[in-house]
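Keep in mind that this is a model prediction, so the values were computed, not measured.
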There are 4 protein chains.
Amino acid sequence: MQSRTPAGRTGRPRSAAADAAILAATRQALVELGWSRLTLGDVATRAGVAKTTLYRRWAGKHELVVDAVAELFDELELPDSGSLSADIEGVVLQFAAILARPEAKSGLMAAVAESTRDDALRERVRTSIVERQKRLVMEGRSRAQSRGELPPEPDPAEAARTADLIFDMVAGAVVHRTLVSGQPADEEWVRSFTRVLLQGLASA
Amino acid sequence: MQSRTPAGRTGRPRSAAADAAILAATRQALVELGWSRLTLGDVATRAGVAKTTLYRRWAGKHELVVDAVAELFDELELPDSGSLSADIEGVVLQFAAILARPEAKSGLMAAVAESTRDDALRERVRTSIVERQKRLVMEGRSRAQSRGELPPEPDPAEAARTADLIFDMVAGAVVHRTLVSGQPADEEWVRSFTRVLLQGLASA
Amino acid sequence: MQSRTPAGRTGRPRSAAADAAILAATRQALVELGWSRLTLGDVATRAGVAKTTLYRRWAGKHELVVDAVAELFDELELPDSGSLSADIEGVVLQFAAILARPEAKSGLMAAVAESTRDDALRERVRTSIVERQKRLVMEGRSRAQSRGELPPEPDPAEAARTADLIFDMVAGAVVHRTLVSGQPADEEWVRSFTRVLLQGLASA
Amino acid sequence: MQSRTPAGRTGRPRSAAADAAILAATRQALVELGWSRLTLGDVATRAGVAKTTLYRRWAGKHELVVDAVAELFDELELPDSGSLSADIEGVVLQFAAILARPEAKSGLMAAVAESTRDDALRERVRTSIVERQKRLVMEGRSRAQSRGELPPEPDPAEAARTADLIFDMVAGAVVHRTLVSGQPADEEWVRSFTRVLLQGLASA
DNA sequence: CATTAATCGAGACGGTACGTCAGGTCTTCCA
DNA sequence: TGGAAGACCTGACGTACCGTCTCGATTAATG
């Protein structure tokens, strides 16, 4: 997001409704067209807004799509199911459900692809999506620790590194399963994945 | 790849050298420009080839890039280091090294993004890259089983499912670490990752 | 010509300067390259205009060239030299001078060639060039009639037919002499032509 | 093309047949497509000939079309109708009939257009078509002179100039009427034209 | 309540790349 | 050894989308 009348206070203020309409139109266009066929002119038309209005708020296609997709992940919630493995299975299933939606799939990967060349975009992806959802790992781990399922972390730096690792393993596995292997991350798969994650390969 | 004079035997045959030149030029352009700024006209020029020659062999940018990138992964080899964890660390480091190369990064993710909408492209990604490298998992597991580090698989279907799971976990984690989190998959990270993969989260 | 914001009054209006620049660039390109080597991309570049601007106003090469060439003929004027034969000689010489210019020659014939297959184009040629210059025949005849050099026309329909015939004979002869026979329509030729036209073959 | 020549020994047994087939295919393509949409590849296909064969015999599209069209005019004949005006009317009607055929129209004018920039092509048009048909003027005039309808020419140079003038006037008028004005050169028009040509404008 | 200044929809603009097509040239194999 | 088949390079085509720029017309907040 990047509206809010910048500094000066005079003049007509930006329409708040336009932001929402544009993001919704972007998601709709992602569903119907996918990333590569989505055009900003079309998004503007769908949102009932002029292209100018769109460009006044977002720098380009990638930024807009990241914002439109990021909102989808905010509905993720860590269920309190009483055990670590059930917690993980629950959140992974939610994550998989979001990734299965067409408006998330292609937009997200395209943004990641472009972010390999565009530092500002990578930062935007990180702060809008990755860091924001890392909360789930932190919370799940602290619950598991208070339940005694996981040992406490003595070193905070080490704790952060481990959280990053877990996030990369969880998110990476689901994304790869869904988008690259093209298989559904269904309950059976999620159970197998969680078992390996918690108990290691030897358990498989 | 898709050259080789298809069926008829008449007429001038397709230049074998052109294929190689085009794929090399594609990788070079990926390094210099990244996916989004790469144009087929520019690739053709770099390869010393007419645009029409390029279009005669590949249907579009995505197909071309998948083929150009797929070749990179063929250099992966499973080291025989004597232990499963060392084998995994070795191959993951190799995989990370390839993914760190600019010609692999953005091209691969862009193809994955597009493949969410294009079944033929997803199939191409799967057969050219995913299935082809799954050999590493199969071979590593069978070695570990003969060493007694992993139990034998009684059910072949289950064995295949597990191989898929492992591949998704390994490839997914490295890709996510490298491209989404934007952090290097260095030796330290690979050691931590391998430990969790083999022994589970509780060991972390 | 076909600019002027059509009906709606919103949006940025079309640049009036662009029209003039494009037509001038077209004539310049005709001089330097001739019809067959003239490209719309080159014309756009010369005019300092994007190709899309050009295509927004003209449907294609033929239409553009007809408009560019038509302007040349607007400078034709019927001299009032006191006698019908002198009037004819004067205007035919002017016509020949225009046709001798390289920007008129090849463009005009190419448009005529294409117009044999394209009714809209033929209509454009007729209204932009032929009908517009037929005024010279009408005016010249009426002057000659008031001088008593030609009998008055009793029937208006017959008068129109005769005007058409005269125009075809004059324009056709000059065009054929200049472009097909490849000889200059100089003063001597114009005198001979005018004598035959006025007095018939027997006088030659 | 499938000519006999059993034990192909000498030069080019198919050559003659190929020439005719190519020219016929060219005319057929002109009828169906017109000049601008006619392609040499298509002509070769229609003629059952390889593009190579075609280019071995003609330098390009213009040359080929000139030759294909020139043949059409060879069927022109000067009728011996007993009077100059009837002779003229007869041959002009024949000429108009040829020009009305679609394979003549656009091909001829396109060649003329290009010949304004290409001296070799102009020469080819002149020798293949213009000079070849000028025979009709010479013969018609000499007949009229022997009938006493036209005075004899004392000066041969002047005679040649006059023949050129007449040819330009006749051919030019018919071409202009047919192609530019887009009106048929029918019997009525031909009568009017012939009267003006023979007796001058004042007679109209 | 008038002024002011930034907003809005609309759409033309300069660019750049697209994917296609035709013109001619060349290579290969066959008869 | 000529010819068909067809790949090749070149260069223009007409289109699409990008992101910018004018327009005239709205809107609040300010004065």
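A heavy-atom distance below 4.0 Å to DNA chain F is reached by none of the residues of residues 58-68 of chain D. Residues of residues 45-52 of chain C having a heavy atom closer than 4.0 Å to DNA chain F, listed by number: K51(C), T52(C). Residues from residues 24-44 of chain C with heavy atoms under 4.0 angstrom of DNA chain F, sorted by number: T39(C), L40(C), G41(C).
Distance CZ (R57(A)) to P (dA6(E)): 16 Å, rounded to an integer number of Å. Rounding to whole angstrom units, CZ of residue R12(C) and C1' of dA25(F) are separated by 18 Å. Between the P atom of dC18(F) and the CD atom of E114(A) lies a distance of 13 Å, rounded to the nearest Å. R14(B) places its CZ atom 15 Å from the C1' atom of dC9(F), with the value rounded to the nearest Å.
Other residues, nucleotides and ligands place more than 12 heavy atoms under 6.0 Å from the CZ atom of R101(D).
The cationic group of K61(A) lies under 6.0 Å from the six-membered ring centre of W35(A) and within 45° of the ring axis, placing it in a cation-pi geometry.
Residue S15(A) places no side-chain N or O under 4.0 Å from the OP1 or OP2 atom of dC8(E). Of the side-chain N and O atoms in T53(A), one or more sit less than 4.0 angstrom from OP1 or OP2 of dC8(E). OP1 or OP2 of dC13(E) has at least one side-chain nitrogen or oxygen of R56(C) nearer than 4.0 Å.
Rounding to the nearest 0.5 angstrom, the gap separating the CD atom in E114(D) from the OG atom in S106(C) is 7.5 Å.
Comparing G11(B) and Y55(C) against DNA chain F, the residue whose closest nucleotide sits nearer the 5' end is G11(B).
Put simply, the side chain of T39(D) gets close to the backbone of D42(D): a donor and an acceptor are under 3.5 Å apart.
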